[in-house]
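Both backbone and side-chain heavy atoms feed into the values below; hydrogens, waters and symmetry mates do not. Since this is a predicted model, take the numbers as computed values, not measurements.
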Amino acid sequence: MKKIKVIIVLPAYNAEKTLEKTYLNIPDEYKKDVILVDDASTDKTIEIAKKLKIKYFIHPKNLGYGGNQKTCYQKALQLNPDIIIMIHPDYQYDPKLIPALVGMIESGNYDVVLGSRILGGGALKGGMPFYKYLANRFLTFFENLCTGIKLSEYHTGMRAYRSEVLKKINLKKNSNDFVFDNQILLQIVAQGFRIGEISCPTKYFKEASSINFRRSLIYGFGCLYWSIIYLLGRLKIYRHRLIFQE
């Protein structure tokens, strides 16, 4: 039986305080296939990546979170993997769950698997601020309403993809900002790929990265906008080319 090739990508920006802890908690069998893309950090992220012997790429200027992921997936796909896993290097998500993500895709039942902080019911206990929890629940409810599917969370920083999924959707035209995460899920739903979820413990702490309130508002309104765009396409009123790639 052919061994499944898994590439793990870390979209990093000023992750010096959490990168090592994230990497060391990746199961040993996956450590040799890790790619870090640094989005013009101003701290010691790259020095730590060098120390840990992580393969890395540097953006000469900051492209944004979505722009970082585009490079992550481009570099990963060049290595012809079967599965690509994206995990934030801020240690909010437990890398020990990687084998479970791989297993769900390897089973043939899912094309995409999300690590949900909501599914296990421990988000608030794990330190997620109450206003973020409410925003997460509201946006997810609205997004489920528009897409007709039922996910517990659309806003996770731990995601696993069968490589064919990332080859089929046009990531390059997506936003370079945080709403990239929402757009890619809507594209995946539009293409009919199967999405599964796994419960992921929530870990909020001082060193973990988090967007500020203003950027959170922009992201939230972006999620609402693109969800409505999806609904219009679902109702055959208006099919936006970014989401419904025909």
Side-chain angles (χ1 to χ4, degrees), residues 6-26 30-31 33-79 81 84-95 98 114-115 117 132 154-161 163 165-166 169-185 187 203-223 226 242:
V6 179
I7 301 293
I8 297 166
V9 295
L10 307 174
Y13 177 68
N14 290 345
E16 68 173 2
K17 295 179 180 177
T18 55
L19 174 57
E20 184 167 6
K21 190 177 291 186
T22 300
Y23 178 76
L24 292 179
N25 277 274
I26 293 173
Y30 299 103
K31 279 191 171 78
D33 293 311
V34 175
I35 295 173
L36 180 142
V37 176
D38 181 78
D39 200 25
S41 292
T42 57
D43 65 0
K44 297 179 181 179
T45 296
I46 288 301
E47 291 179 32
I48 294 168
K50 289 178 179 177
K51 183 184 79 170
L52 296 171
K53 298 181 180 179
I54 300 172
K55 185 175 184 180
Y56 63 87
F57 298 91
I58 303 173
H59 286 165
K61 65 178 183 177
N62 187 276
L63 297 183
Y65 173 65
N68 192 322
Q69 282 197 69
K70 291 176 188 180
T71 302
C72 283
Y73 300 136
Q74 176 195 2
K75 298 299 183 182
L77 286 171
Q78 289 174 356
L79 301 176
I84 296 173
I85 295 176
M86 185 277 289
I87 180 169
H88 290 181
D90 59 4
Y91 202 57
Q92 282 193 40
Y93 304 87
D94 193 346
I98 288 170
L114 309 177
R117 297 167 294 179
K132 283 184 177 288
Y154 284 71
H155 316 288
T156 174
M158 174 181 261
R159 304 171 178 222
Y161 303 95
S163 61
V165 173
L166 297 176
I169 57 181
N170 191 350
L171 301 176
K172 291 181 181 179
K173 293 186 177 180
N174 287 356
S175 170
N176 280 347
D177 211 340
F178 289 99
V179 80
F180 174 96
D181 272 354
N182 189 249
Q183 291 173 330
I184 189 174
L185 281 181
Q187 291 168 325
K203 292 182 288 189
Y204 267 81
F205 50 95
K206 184 179 177 182
E207 291 80 15
S209 65
S210 184
I211 59 176
N212 60 38
F213 184 71
R214 184 183 70 83
R215 298 294 295 278
S216 294
L217 277 180
I218 294 171
Y219 171 72
F221 281 116
C223 290
W226 285 105
L242 180 73

Cationic N near anionic O, under 4.0 Å, Asp43 to Lys17: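 Salt bridge flag = no for Lys17 with Asp43.
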Should Leu171 and Gln74 be marked as a side-chain contact (heavy atoms from CB on, under 4.5 Å) after you check the CA-CA gap, both sets of side-chain angles, and the distance that decides it? CA-CA 9 Å; Leu171 301 176; Gln74 176 195 2; over 6 Å; no
Roughly how far, to the nearest 0.5 Å, is [atom2] of [Y] from [atom1] of [X]?
X      : Y      : atom1 : atom2 : result
Ile184 : Ile169 : CD1   : CD1   : 4.0 Å
Gln92  : Arg117 : CD    : CZ    : 6.0 Å
Thr156 : Ile87  : OG1   : CD1   : 8.5 Å
Ile98  : Ile8   : CD1   : CD1   : 3.5 Å
Ser163 : Leu79  : OG    : CG    : 11.5 Å
Ile84  : Tyr73  : CD1   : OH    : 8.0 Å

What are the two closest non-hydrogen atoms of Ile7 and Pro81, and how far apart are they?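 Residues Ile7 and Pro81, closest heavy atoms: CG1-CB, 3.5 Å.
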So which atom in Asn176 and which in Lys70 form the shortest heavy-atom distance, rounded to 0.1 Å?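 Heavy atoms of Asn176 and Lys70 come nearest at OD1-NZ, 2.8 Å.
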Partner residues of Lys51 under the salt bridge (charged side-chain N to carboxylate O under 4.0 Å, His left out) criterion, sequence neighbours left out: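 Expected list: Glu20.
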With sequence neighbours left out, write down each residue that passes salt bridge (charged side-chain N to carboxylate O under 4.0 Å, His left out) with Asp33, or none if nothing qualifies.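 Result, salt bridge (charged side-chain N to carboxylate O under 4.0 Å, His left out) vs Asp33: none returned.
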Using the test ring pair (Phe, Tyr, Trp, His ring centres under 6.0 Å), find all partners of Phe178 that sit at least two apart in sequence or belong to another chain.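 By the ring pair (Phe, Tyr, Trp, His ring centres under 6.0 Å) rule, Phe178 matches Tyr65.
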Just jot down the ring pair (Phe, Tyr, Trp, His ring centres under 6.0 Å) partners of Tyr219, sequence neighbours excluded, or say none.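 Testing Tyr219 for ring pair (Phe, Tyr, Trp, His ring centres under 6.0 Å), a comparison that skips the adjacent residues, returns His155.
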Less than 4.5 Å apart, any side-chain heavy atom of [X] and any of [Y]?
X      : Y     : value
Leu19  : Thr45 : yes
Leu52  : Val34 : no
Ile46  : Leu36 : yes
Ile48  : Tyr23 : no
Ser41  : Glu16 : no
Asp90  : Thr22 : no
Asp181 : Gln69 : yes
Lys53  : Lys55 : no

Measure from the side-chain N and O atoms of Lys31 to the backbone N and O of Ile26, and report whether any donor-acceptor pair falls under 3.5 Å.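 Yes.
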Between Ser175 (side chain) and Phe180 (backbone), is there a donor-acceptor pair under 3.5 Å?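 No: the side chain of Ser175 does not pair with the backbone of Phe180.
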Side-chain donor-acceptor pair under 3.5 Å between Asn174 and Gln187, yes or no?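 Looking only at side-chain atoms, Gln187 and Asn174 do form a donor-acceptor pair, the distance falling under 3.5 Å.
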Tell me whether the guanidinium CZ or amine NZ of Lys203 lies under 6.0 angstrom from the six-membered ring centre of Tyr91 and within 45° of its axis.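 The answer is yes; both the distance and angle limits are met.
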Aromatic Tyr56 / basic Lys50 pairing, under 6.0 angstrom, 45° off normal: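 Negative - Lys50 is either too far from the ring of Tyr56 or too far off its axis.
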Which residues satisfy the side-chain hydrogen bond (donor to acceptor under 3.5 Å, both in side chains) test with Asn68, sequence neighbours excluded?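 side-chain hydrogen bond (donor to acceptor under 3.5 Å, both in side chains) list for Asn68, sorted by chain: empty.
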Can you tell which of Ile58, Asn62, Thr71, Asn14 makes a side chain to side chain contact (heavy atoms under 4.5 Å, CB included) with Asp39?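 Passing option: Asn62.
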Determine whether more than 12 heavy atoms belonging to other residues, nucleotides or ligands lie under 6.0 Å from atom NZ of Lys44.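 No, because the 6.0 Å sphere around NZ of Lys44 holds 12 heavy atoms or fewer from other groups.
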Identify, with sequence neighbours excluded, every residue that meets side-chain contact (heavy atoms from CB on, under 4.5 Å) alongside Leu217.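 Expected list: Phe213, Phe221.
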